[in-house]
2 protein chains.
Amino acid sequence: MPPIKPTLTDVARLAGVSEITVSRVVRGKGPIAEETRLRVRGAIEALGYVPNRAAGTLASSASLFIGVILPSMHNIVFPEVLRGIYEGLAGSPYQPLLGVSEYDRDKEQEILASLLAWQPMAIITAGSDHTDVTRRLLSESGVRVVELMDTEGDPVDLVVGFSHRQAGYDSGRHLIARGYRRIGYVGHDWAADRRARLRYEGLVAALADTGLSLAAEVHADGPSSVTGGTEMLPRLLAAAPDIDAAVFVNDDMAVGGYFHCLAAGIAVKKDLALFGFNGLDIGQAIPMPLSTVRSNRFEIGRIAAERIIAEPKRPAVTEVVNTGYEIIEGATA
Amino acid sequence: MPPIKPTLTDVARLAGVSEITVSRVVRGKGPIAEETRLRVRGAIEALGYVPNRAAGTLASSASLFIGVILPSMHNIVFPEVLRGIYEGLAGSPYQPLLGVSEYDRDKEQEILASLLAWQPMAIITAGSDHTDVTRRLLSESGVRVVELMDTEGDPVDLVVGFSHRQAGYDSGRHLIARGYRRIGYVGHDWAADRRARLRYEGLVAALADTGLSLAAEVHADGPSSVTGGTEMLPRLLAAAPDIDAAVFVNDDMAVGGYFHCLAAGIAVKKDLALFGFNGLDIGQAIPMPLSTVRSNRFEIGRIAAERIIAEPKRPAVTEVVNTGYEIIEGATA
DNA sequence: CTGTTAGCGCCTTCAC
DNA sequence: GTGAAGGCGCTAACAG
């Protein structure tokens, strides 16, 4: 039986001041006599007053929301980005409002439209591969827009990430430098995951620059997973038994490949090198730490959030923050 | 150059109807002549109108938010719960509003207070171990409250989960039934993770019922992780070299323990049985599928969301939905 | 099926 | 340092 929710007016009456004074105390803005402040705080406590942000948002036409659109919650990658965002927002009054697009551009557009209805002060979205309408909505929203993860493409406002194509290229260089020549690829359904495709293209380009090409490639249906790697590596080996290295779309799949090697008695690195992407904990925890690329996901989220706080208004010029990546030497390649 | 955002009034004017008619079209409520609807839709399109939910929330004193408080984003467990919630909410107009408490009851309370400022129509929180203030806020909010994961404790409204104590007990019974008698435990810092502690207590109780007790136990500092398991298992073995089974606080740690066995040449199950908790994919993907407990996390989230949609008003009586759990036989115990 | 009236709770602007 | 007036954009409740 919650006794009718107290409002600013109730607090003001109890404290014997006007509403605006209470509002100032609540928001910590404007000059307030210490004595008044204490009286108001007392009234707030006494009534258990909770401000109504919907009213505040309407009155000031500025919410404290940051719309966040991530493509997937199926592995730990994007939860880590999200953690970074929360970390970057800690201590600020801003609150993320999350949507998950399942790597679907149309769904991203839908989610964006519904997030915009909350008057967010910024939008963070993973990737730069949007529908035309999404791009227009982002651009016309007038609020800060941060596109995460990949630096290819034409920024709306701010981009935080690195070049996946280059990362793929460098992965290829790494393998070539270590003497691997017959290289296979294990991917997943990247109709939607453009970044995976960019890495793939980078890898192929690196091989081409050395006069090589992929010995074989296989693609799992559906999203990437550890079991996907376990299932697909034998298929790759069936298609090209003589490969000396396998590049996986990401660490999940690569760890699965490692497990297949364990079970099948394949000497990892000696008989078959394995290479992943992301630098997940699990990849570094297996008995032979995975050779892979560290993608600094947490940092990407954190920096995006910090940048928004530091400059809440959209600036006139676009900017790209390169968070870089790092080849993890590992023990598997 | 976003030309001043169009409002309901603008749409109404263009369509030649009243505001409330536009409102009805937007919300799909109330009877509207097909012709009128089309005219209004046309005007909405033409202007690129996006409804202002802050205004709507204020006017109807009912937002479409569901506040969600999860303890951690450090492993895949709670993102899976979150996926379940999104799944259960799909097609509904409701939008989760997420806060992460880092297993801190005071932080949970803070987050709750800030979520309540958005007038959520429901609150979903993981666990039932709250501060007194949190409990009071939940109770007095008057909205639906779903406490997830564990069924112990006194419900505010609805509980969706299972008994972790019983799951721990059954884990113990499982090991005893298979002849293991010298059982060790690898935990983490569960000052905060009450559910881990409940499982531990259940395990100890199962042993006690057979006249046994834990041969040894070790606890990692900080959160659980795969590497934590890799590091802690040798310590457990140092403390009690003759144990025949190790129970881990969860699958992350147990997988780490498995990797230690691989590296140290310990024959899993034959020399040392391993038992986890959660039923994560990674545990089932390793060469010897982990013996563990499936906790139906996705389902828990989905059911919580569906229940809220089915009954948006808090009923007079509390209810507990038991989502059960299941011992996964696996190959490690 | 559509419209009128009257706020929802707070914040901006301008006085004092 | 504090207050008064007005309105943000939308919707409930009633008419018609």
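Every chain is numbered from 1 and lettered A, B, ... according to where its sequence line falls, protein lines coming before strand lines.
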query = What's the closest nucleotide to the B/Ala33 side chain, out of C/dG9, C/dC1, C/dG7?
reply = C/dC1
key: Phosphate OP1/OP2 of D/dT2: any A/Ser18 side-chain N/O under 4.0 Å   = no
inquiry  = Check this for me: does the side-chain of B/Arg24 come within 3.5 Å of the base of C/dG3 through a donor and an acceptor?
reply    = yes
message = Quick test of your reading of the model: are B/Glu34 and B/Arg37 salt-bridged, counting only N-O distances below 4.0 Å?
response = yes
query = What nucleotide, of C/dC10, C/dG3, D/dA12, holds the atom closest to the side chain of B/Thr21?
reply = C/dG3
remark   = Picking from C/dC1, C/dG7, D/dG1, the nucleotide nearest the side-chain atoms of B/Pro31 would be C/dC1
ask   = Side chains of B/His130 and B/Glu108: do they bring a donor and an acceptor to under 3.5 Å?
value = yes
inquiry  = On DNA chain D, does the nearest nucleotide to A/Gly16 precede the nearest nucleotide to B/Ile20 from the 5' side, or the other way round? Give the residue.
reply    = A/Gly16
key: Nearest listed nucleotide, side chain of B/Val17, among C/dC8, D/dG3, C/dG3   = C/dG3
message = Looking at D/dT11, I'd like to know if its phosphate oxygens (OP1 or OP2) sit under 4.0 Å from a side-chain N or O belonging to B/Ser60.
response = no
message = What's B/Thr57 touching, base or sugar-phosphate or nothing? Going by heavy atoms closer than 4.0 Å.
response = nothing
ask   = For B/Ser72 and B/Asn75, which heavy atoms make the closest approach, and how far apart are they?
value = OG-N, 4.4 Å
query = So what does A/Leu58 touch, heavy atoms closer than 4.0 Å: a base, only the sugar-phosphate, or nothing?
reply = base
inquiry  = Applying a 4.0 Å non-hydrogen cut-off, can you work out what B/Ile32 is touching in the nucleic acid: base, sugar-phosphate, or nothing?
reply    = sugar-phosphate
ask   = Hey, does the side chain of A/Arg27 come within less than 4.0 Å of C/dT12's phosphate (OP1/OP2), counting only N and O?
value = yes
task = Could you check A/Arg307, A/Lys313, A/Arg144 and say which one makes a salt bridge (Lys or Arg N to Asp or Glu O under 4.0 Å) with A/Asp157?
result = A/Arg144
